[in-house]
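A quick write-up on the structure given underneath.
Order of the sequence lines sets the chain letters (A, B, ...), proteins ahead of strands, with each chain counted from 1.
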Amino acid sequence: MSNGFDDIPFFDEEEPAPRKPAQAPATSTAASGPAPGGLGIAARAMAARDQTRAPDYLSGLNPEQRDAVETVDGPLLVLAGAGTGKTRVLTTRIAHILATGRAFPSQLLAVTFTNKAAREMKERIGLLVGGAVEGMPWLGTFHSIGVKILRRHAELVGLRSDFTILDTDDVVRLIKQLIQAEGIDDKRWPAKQFAQMIDGWKNKGLDPSQIPEGDARAFANGKGRELYAAYQNRLKTLNACDFGDLLLHPIRMFRANPDVLKEYHQKFKYILVDEYQDTNTAQYMWLRLLAQRPPGVPQNVCCVGDDDQSIYGWRGAEVDNILRFEKDFPGAKVIKLERNYRSTEHILGAAGHLIAHNEGRLGKTLFTDRVNPDDEKVVVHAAWDSEEEARAVGEEIERLQRGDSDGKKHALNDMAILVRASFQMREFEDRFVTLGLNYRVIGGPRFYERLEVRDAMAYFRLVCQPADDLAFERIVNTPKRGLGDTTIRTLHDYARARDVPMLAAAADLIETDEIKPKARKALFDVIQHFRRWSELLETTPHIELAEQILEESGYTDMWKNDKSAEAPGRLENLKELIRSMEAFESLRGFLEHVSLVMDAEQNADMDAVSIMTLHSAKGLEFDTVFLPGWEEGLFPHQRALDEGGRSGLEEERRLAYVGITRAKRRCHIWFVSNRRIHGLWQSTMPSRFLDELPVTHVEVAESEQSYGGYGRGGYGQSRFDKADPFANNYSTPGWKRAQANKSDATRDNWGTRSGHAVERIGYGESGPKAKTIDGELVAKSTTSEPSKFTVGDRVFHIKFGNGNIASIEGNKLTINFDRAGEKRVLDGFVERV
DNA sequence: CAGTCGGACATTTTT
DNA sequence: TGTCCGACTG
């Protein structure tokens, strides 16, 4: 990666001509260590070109993969199913382009979505061509490449090249200020929500002038457009960009300056895009601009992706981009990779059958040759509630760990629990803590999002960029210096009135008596500090300076004096922050990286079960995968259904597909009959996705658990007799099928017990209009009626047993259960005894 | 300015 | 039911 923005050679960075004939051709994919004699990629490329037989790196590829690697000219779409060797193709393709001398490393534009993906690609290319990946300056995320371009041409969009990159937190604070400045009620119109709207517009590539009228009116009494424009103005004054701008500014710049764009056209001979199904409209426009070629010149664009794994529609990704590829790039070739090297036949069969229920797809069917009669089918388990679910999963994990089932001891590292929503994790964590089972949660709060890290960063930012008002406001009174709201407001007003940065305003104002003496002294000190630090910036090594800043500002002392439990951890994080600066040359270079790239690394040494969301599991694989929570309302998530309709459902289904295809050997799916959501117990129906799994590859687990009074007589009978739980709520093919089969296949397939669960513990009194999950529904439909219970009634609850009603609020009952203690439940779930 | 109370909210997340 | 954030109070 680059170490700053001012040291990137631009159009003169081509590799020198080969110095001497290569001793060794670019050898196979095996780890080959550093390049012998530091030979450049180009040199090896030349060597490889002279070879008569096919180079080694092609030998391990299957015909489709090889085709995808060797089809270098003209547009190419590689539809790479899960586990079909996508990354291998991508990296080998790059190696091939280099090895055949078609382009220099600096002439390849390779874009990924995440830094992780970029890092992995670099590593693997390094292994293929032998080190020297520094020679690929244009391999990176959309955003990091966007920054690189923007730094070069910042002035063309009205920025200076040392502009700051704001993260979400900064953006929200800034917008909040704007909303307040407009005199709009910031409670009614939350800044966070508006930030998301702006983000959405930017994902679509829309300027303030281009946003739909309806959108503009939808916020702040119709001031949406003005606010967006004001926000952009403010960014300009701050010399700052948000993440969206990193793409939009280059797009604007290219459109307004065709000559500049042309330079890039000449530069990038080959363009590669990873995870194309995740691109949003702005990224698409960006790509189109860069891929333009005069008539007759081939567009060497290669996009790799899998429409079945598109799970980011909700944040602006357009599956349509991948579905439309052939139209967008005339003459495009499409190669499907369907041979799977990861999973068993059963897992592929289950996943394939499920995903076939989606309509808008290009259509692929994964297959494998490696069929083994011992392969386990996908197992569906039923549990009574989420607690039992966690217990049972824990037991299964321990069983695998001990090697009970197949005599092999399985490492925890090879197992993962993939949940739909993060609140599900908790139950597993609790359980694993009591079991003493190691686990690791992937995808929690990021390192650079921590309070203390952001504070420290604000100090560094302000030193590098005295105009960074957001940073100024963040730390001017952190640690406490007696600079309260009044002082800040005065500074703010003065700064805005004169259009100067707040730090400068402070310098002015301490000369006057507009500020109280005490605050004046404090401000004076702050200004002095920053003056000195700014001077040291050029002379002092950045690590030393950073430490000095945190010391002298009193920031570290603040945490040292803090008696709270998290203070030591925060100090540790600050140390870690300083430590991580070692990899960079300057404070500026470091800041750039943190805002775009930095993420905390997990300690991989420990053997532990991974717990994460399905979203963060994309791209990973595990021997054994547990998929809990397959219930209507949770998965597919009710909100996805409500807000996304049919396409929302299809995205949920793709998520399920992603989940199953993470498994190499074993996949265990769970659903529960009762889940506590927002504190209230709710009955749940098994996910419709379960009905969409093929019987041949799936088995239903025998009851290894106790089900209490599951389905016992008496309870709920009357309610479910009347309301058909399958009443016209859904219309997908899979659902219809399930409906048609419910009397036989469903019940046989899932066993009597769960068959009961489906039918008896269902939508309760929900009518045909039922759209919300049953708990809410019951809540709504029953509040109007007077409760049929009275305080003191003796009642029976299917989970908690017998108890007495302590109080009643609408349809919510507080009950003292004999065994379970006091609980609040909906009245629909208890019966008088 | 720190600590406490009460109301709103409760999918998914990168850059 | 639990958490977070903002307002209020001492």
Should the pair E275(A)-K618(A) be classified as a salt bridge under the 4.0 Å nitrogen-to-oxygen rule?
yes

How long is the line joining CG of D186(A) and C1' of dG6(C), in whole Å?
10 Å

D306(A)-Q309(A) side chain donor-acceptor pair, cut-off 3.5 Å:
yes

Considering only heavy atoms from C-beta outward, does the side chain of L655(A) approach that of L614(A) to under 4.5 Å?
yes

Just call it for R654(A): base, sugar-phosphate, or nothing, with non-hydrogen atoms closer than 4.0 Å on any strand.
nothing

Grab the NZ-P distance between K116(A) and dT15(B) for me, whole Å please.
10 Å

Nearest-Å distance, NE2 (H593(A)) to P (dT15(B))?
13 Å

Could you tell me whether G484(A) contacts a base, only the sugar-phosphate backbone, or nothing, with contacts defined as non-hydrogen atoms closer than 4.0 Å?
sugar-phosphate

For atom P, what is the distance between dT3(C) and dT12(B), given to the nearest Å?
15 Å

Using the P atom on both, measure dC4(C) against dT11(B) and round to a whole Å.
14 Å

Spacing between R676(A) atom CZ and dT3(C) atom C1', to the nearest angstrom:
14 Å

Main chain of P137(A), side chain of K148(A): is a donor-acceptor contact present, judged purely on distance under 3.5 Å?
yes

Separation of E592(A) atom CD from dT15(B) atom P, in whole Å?
14 Å

State plainly whether the residues R474(A) and D169(A) are in salt-bridge range, i.e. N to O under 4.0 Å.
yes

Atom NZ of K187(A) and atom C1' of dG6(C): how far apart are they, to the nearest Å?
7 Å

Can you tell me the distance, in whole Å, between the CZ atom of R173(A) and the P atom of dC5(C)?
13 Å

Within a radius of less than 6.0 Å around NZ of K202(A), do more than 12 heavy atoms belonging to other residues, nucleotides or ligands occur?
yes

With a 4.0 Å cut-off on heavy atoms, is G482(A) in touch with a base, just the backbone sugar-phosphate, or nothing at all?
sugar-phosphate

Assign dT12(B) to syn or anti; the rule is syn for a glycosidic angle within 90° of 0 and anti otherwise.
anti

For H615(A), enumerate each residue passing the ring pair (Phe, Tyr, Trp, His ring centres under 6.0 Å) test, keeping only those at least two apart in sequence or located in another chain.
Y312(A), W314(A)

If you restrict it to nitrogen or oxygen atoms, what contacts under 3.5 Å exist between nucleotides 9-14 of chain B and the protein, and what is each distance?
{"unit_1": "dT11(B)", "atom_1": "O4'", "unit_2": "H637(A)", "atom_2": "NE2", "d": "3.3"}
{"unit_1": "dT12(B)", "atom_1": "OP1", "unit_2": "S422(A)", "atom_2": "N", "d": "2.7"}
{"unit_1": "dT12(B)", "atom_1": "OP1", "unit_2": "S422(A)", "atom_2": "OG", "d": "2.2"}
{"unit_1": "dT12(B)", "atom_1": "O4'", "unit_2": "R420(A)", "atom_2": "NH2", "d": "3.2"}
{"unit_1": "dT12(B)", "atom_1": "O2", "unit_2": "W314(A)", "atom_2": "NE1", "d": "3.3"}
{"unit_1": "dT12(B)", "atom_1": "O2", "unit_2": "R420(A)", "atom_2": "NH2", "d": "2.7"}
{"unit_1": "dT13(B)", "atom_1": "OP1", "unit_2": "T613(A)", "atom_2": "OG1", "d": "2.6"}
{"unit_1": "dT13(B)", "atom_1": "O4'", "unit_2": "R315(A)", "atom_2": "NH1", "d": "3.4"}
{"unit_1": "dT14(B)", "atom_1": "OP1", "unit_2": "R446(A)", "atom_2": "NH2", "d": "2.2"}
{"unit_1": "dT14(B)", "atom_1": "OP2", "unit_2": "R446(A)", "atom_2": "NE", "d": "2.9"}
{"unit_1": "dT14(B)", "atom_1": "OP2", "unit_2": "R446(A)", "atom_2": "NH2", "d": "3.0"}
{"unit_1": "dT14(B)", "atom_1": "O4'", "unit_2": "R315(A)", "atom_2": "NH1", "d": "3.4"}
{"unit_1": "dT14(B)", "atom_1": "O4'", "unit_2": "R315(A)", "atom_2": "NH2", "d": "3.4"}

